[in-house]
Amino acid sequence: MQKDATQEQIDKVNQQVKKLGLTPVDIPGSQRIAIGIIGNTGPIDPELFTGLDGVKEAIPVSKPYKLVSREVKPENTVIEIGDIKIGGREFTVIAGPCAVESLEQCITIARLVKKAGAHLFRGGAFKPRTSPYSFQGLGDKGLEILAEVRNQTGMLIVTEAIDHEVLAEVEATADVIQIGARNMQNFSLLKRAGKSTKPILLKRGMSATIEELLMAAEYIMAEGNHRVILCERGVRTFADHSRNTLDLSAIPAVKALSHLPIIVDPSHAAGRRDQVIPLSRGALAVGAHGLMVEVHHDPQHALSDGPQSLYPEQFAELMDAIRKLSSLW
Ligand code: PEP
Ligand code: MN
């Protein structure tokens, strides 16, 4: 719409979209309002709209994803979580253990990462594990512990919903709901996340293309939740010097195609702690909006992902490096 378009003109466009049996989605921006059209199975004639008052242009979106696309919303989406902003100029760091193991463990780690400068606390109450015999997480009890961590430290919480069934429960506690790599194409989970009022941290599937990642984000946005943060966490390749291969080229690629913020998880990419700090520096350098890093005060005894968890001193070192490198930008 033109910058000075009136509400009446916007309403007329919305009515026109509905008349075609399609769904209009308002996409507010700082410069202007855009109206996305979803529900069509083929091209729509732009002239159906260009003649209407207040319309600046009608742009056929060339990609299969729409709401996610920069064609529909040229400026970056900045997601506010409390007073933290992801997607703008700040570099946001989410840190904490892989899994919630006990209140004492979480509080210990939360205090340490907060002191070092982390912005949000992570910890899984429900864990998607390769083996059914591995620790599956504390479940409900884990969520209670996370709520207590927020009470005691003031840190906001990122935690995973592993399926549609637990999403409502996770939603009640989490400040950001994580959808894991294994679930990137769990469409019922994505649709349910799209109805949530909480921001979603969507991790790239371990063999997903960028287009598949963006289509997964589109599922969430199409249900009405526009607060989606993408996360590159490494993909599977033939390389065996790391658990996965961190695809740093995904960052500029996604930023070119989408207005959504994208962060990097170097821990699951590397699978080993000695690579986590160098990969984190790389993530900052290629323009990621932040990091999610696993940290444990006693990784030898961690119930999951100990070998890739940074010691608290290493995390503090990483935060120092980030502060120094950010000043170069
Ligand atoms: C995690 O963040 O602990 C996790 C299980 O990550 P991913 O889904 O990327 O494997
Ligand atoms: Mn983990």
Side-chain angles (χ1 to χ4, degrees), residues 81 84 86 90-129 135 137-138 142 145-150 152-160 174-176 178 180-181 201 203 229 231-234 242-244 246 263-284 288-326:
I81 307 153
I84 292 150
I86 304 191
E90 297 90 344
F91 190 76
T92 306
V93 180
I94 305 168
C98 179
V100 174
E101 299 169 9
S102 67
L103 179 60
E104 196 192 6
Q105 172 242 18
C106 280
I107 294 282
T108 304
I109 300 170
R111 293 224 163 95
L112 289 164
V113 297
K114 184 178 180 184
K115 185 155 170 261
H119 303 97
L120 292 143
F121 184 73
R122 66 147 286 152
F126 297 92
K127 293 305 304 175
R129 302 303 299 276
F135 177 59
L138 296 180
I145 291 173
L146 289 169
E148 188 55 26
V149 169
R150 181 175 43 221
Q152 291 195 26
T153 66
M155 289 188 89
L156 299 183
I157 303 296
V158 181
T159 194
E160 180 167 352
D175 298 292
V176 177
Q178 178 175 325
L201 175 62
K203 300 187 85 174
I229 303 153
C231 180
E232 161 62 36
R233 47 78 74 203
S242 55
R243 181 175 174 182
N244 291 290
L246 182 62
I263 67 167
V264 166
D265 171 351
S267 308
H268 291 87
R272 38 188 289 176
R273 80 173 62 81
D274 64 327
Q275 296 176 354
V276 170
I277 295 181
L279 293 177
S280 300
R281 289 198 297 257
L284 174 68
H289 295 108
L291 287 178
M292 179 157 77
V293 187
E294 286 183 345
V295 180
H296 202 291
H297 65 300
D298 184 12
Q300 256 71 20
H301 296 104
L303 295 181
S304 80
D305 286 346
Q308 69 196 30
S309 300
L310 292 183
Y311 287 97
E313 310 78 69
Q314 290 179 301
F315 179 70
E317 194 188 305
L318 167 60
M319 291 304 293
D320 276 344
I322 287 169
R323 278 186 283 270
K324 287 197 190 107
L325 287 171
S326 310

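Since the structure is predicted, the reported quantities are computational estimates derived from the model, not experimental observations. All values below come from the heavy atoms of this structure, side chains included, with hydrogens, waters and symmetry mates left out.
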K.L.:
Are any side-chain N or O atoms of Glu232 and backbone N or O atoms of Leu246, one a donor and one an acceptor, separated by less than 3.5 Å?
P.N.:
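Absent.
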K.L.:
Taking His119 for the side chain and Val93 for the main chain, is one N or O donor matched with an acceptor at less than 3.5 Å?
P.N.:
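Yes; at least one donor-acceptor contact below 3.5 Å.
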K.L.:
Ile84 versus Thr92: any side-chain heavy-atom pair under 4.5 Å?
P.N.:
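In contact.
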K.L.:
I'd like to check Ile157 versus Val176 (side-chain heavy atoms, cut-off strictly below 4.5 Å). Are they in contact?
P.N.:
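No; the side chains remain at least 4.5 Å from each other.
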K.L.:
To the closest 0.5 Å, what do you measure between CE (Met155) and CD1 (Ile94)?
P.N.:
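These two atoms lie 10.0 Å from each other.
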K.L.:
Indicate yes or no for a side-chain donor-acceptor contact from Gln314 to the backbone of Tyr311 under 3.5 Å, with no hydrogens or angles considered.
P.N.:
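Between the backbone of Tyr311 and the side chain of Gln314 there is a qualifying donor-acceptor contact (under 3.5 Å).
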K.L.:
Determine whether Asp265 and Asn244 make a side-chain contact, defined as any pair of heavy atoms from C-beta on separated by less than 4.5 Å.
P.N.:
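Asp265 vs Asn244: side chains apart.
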K.L.:
Provide the closest heavy-atom pair for Phe135 versus Ala99 in the form atom of the first, atom of the second, distance.
P.N.:
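Between these two residues, the closest heavy atoms are CE2-CB, 3.8 Å.
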K.L.:
Is a side-chain donor or acceptor of Arg122 paired with a backbone partner of Pro97 at a separation under 3.5 angstrom?
P.N.:
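Yes; at least one donor-acceptor contact below 3.5 Å.
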K.L.:
Any side-chain heavy atom of Leu201 sitting closer than 4.5 Å to one from Val158?
P.N.:
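When only atoms from C-beta onward are counted, Val158 and Leu201 do touch, with a gap below 4.5 Å.
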K.L.:
Rounded to the nearest 0.5 Å, what separation is found between the CD1 atom of Ile86 and the CD1 atom of Ile229?
P.N.:
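CD1 of Ile229 is found 4.0 Å from CD1 of Ile86.
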K.L.:
Is Lys114 reaching over with its side chain to a backbone N or O of Thr153, donor-acceptor style, under 3.5 angstrom?
P.N.:
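Looks like yes, one N/O pair under 3.5 Å.
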K.L.:
Is there a donor-acceptor pair under 3.5 Å between the side chain of Lys127 and the backbone N or O of Glu160?
P.N.:
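No, the answer is negative, given that no donor and acceptor are paired below the 3.5 Å cut-off.
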K.L.:
So do Val100 and Leu146 actually touch side chain to side chain, heavy atoms under 4.5 Å?
P.N.:
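Yes, at least one pair of side-chain atoms sits under 4.5 Å.
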K.L.:
Just wondering, do Gln308 and Glu294 contact through their side chains at under 4.5 Å, heavy atoms?
P.N.:
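Sidechains of Gln308 and Glu294: in contact.
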K.L.:
Is it the case that atom CD in Glu104 sees more than 12 heavy atoms from other parts of the structure closer than 6.0 Å?
P.N.:
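No - once you tally the heavy atoms of other residues, nucleotides and ligands closer than 6.0 Å, there are 12 at most.
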K.L.:
I'd like to know if Arg243 pairs up with Asp305 as an ion pair, taking the criterion as any Lys NZ or Arg NE/NH1/NH2 lying under 4.0 Å from an Asp or Glu carboxylate oxygen.
P.N.:
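A salt bridge links Arg243 with Asp305.
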K.L.:
Nearest 0.5 Å please: distance from the CG atom of Asp274 over to the CG atom of Leu310.
P.N.:
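If I round to the nearest 0.5 Å, the distance is 10.0 Å.
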K.L.:
Assess the residue pair His268 and Met292 against the criterion (side-chain contact (heavy atoms from CB on, under 4.5 Å)); give the C-alpha distance rounded to whole Å, side-chain angles, the decisive distance to 0.1 Å, and a yes or no.
P.N.:
CA-CA 10 Å; His268 291 87; Met292 179 157 77; 5.9 Å; no
K.L.:
Is there a donor-acceptor contact under 3.5 Å from the side chain of Arg273 to the main chain of Ser309?
P.N.:
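Yes; judged by distance alone, with no hydrogens or angles, the pair exists.
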K.L.:
Report the distance from atom CE of Met319 to atom OG of Ser280, rounding to the nearest 0.5 Å.
P.N.:
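It comes to 10.0 Å.
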K.L.:
Could you verify whether a donor N or O on one side chain and an acceptor N or O on the other, from His301 and Glu101, lie under 3.5 Å apart?
P.N.:
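The criterion, which ignores hydrogens and geometry beyond distance, is not satisfied for Glu101 and His301.
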K.L.:
Hey, are the side chains of His289 and Glu90 touching, using non-hydrogen atoms and a 4.5 Å cut-off?
P.N.:
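No, side chains not in contact.
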K.L.:
Is any side-chain heavy atom of Leu291 closer than 4.5 Å to one of Ile263?
P.N.:
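The answer is no; the side chains never approach within 4.5 Å.
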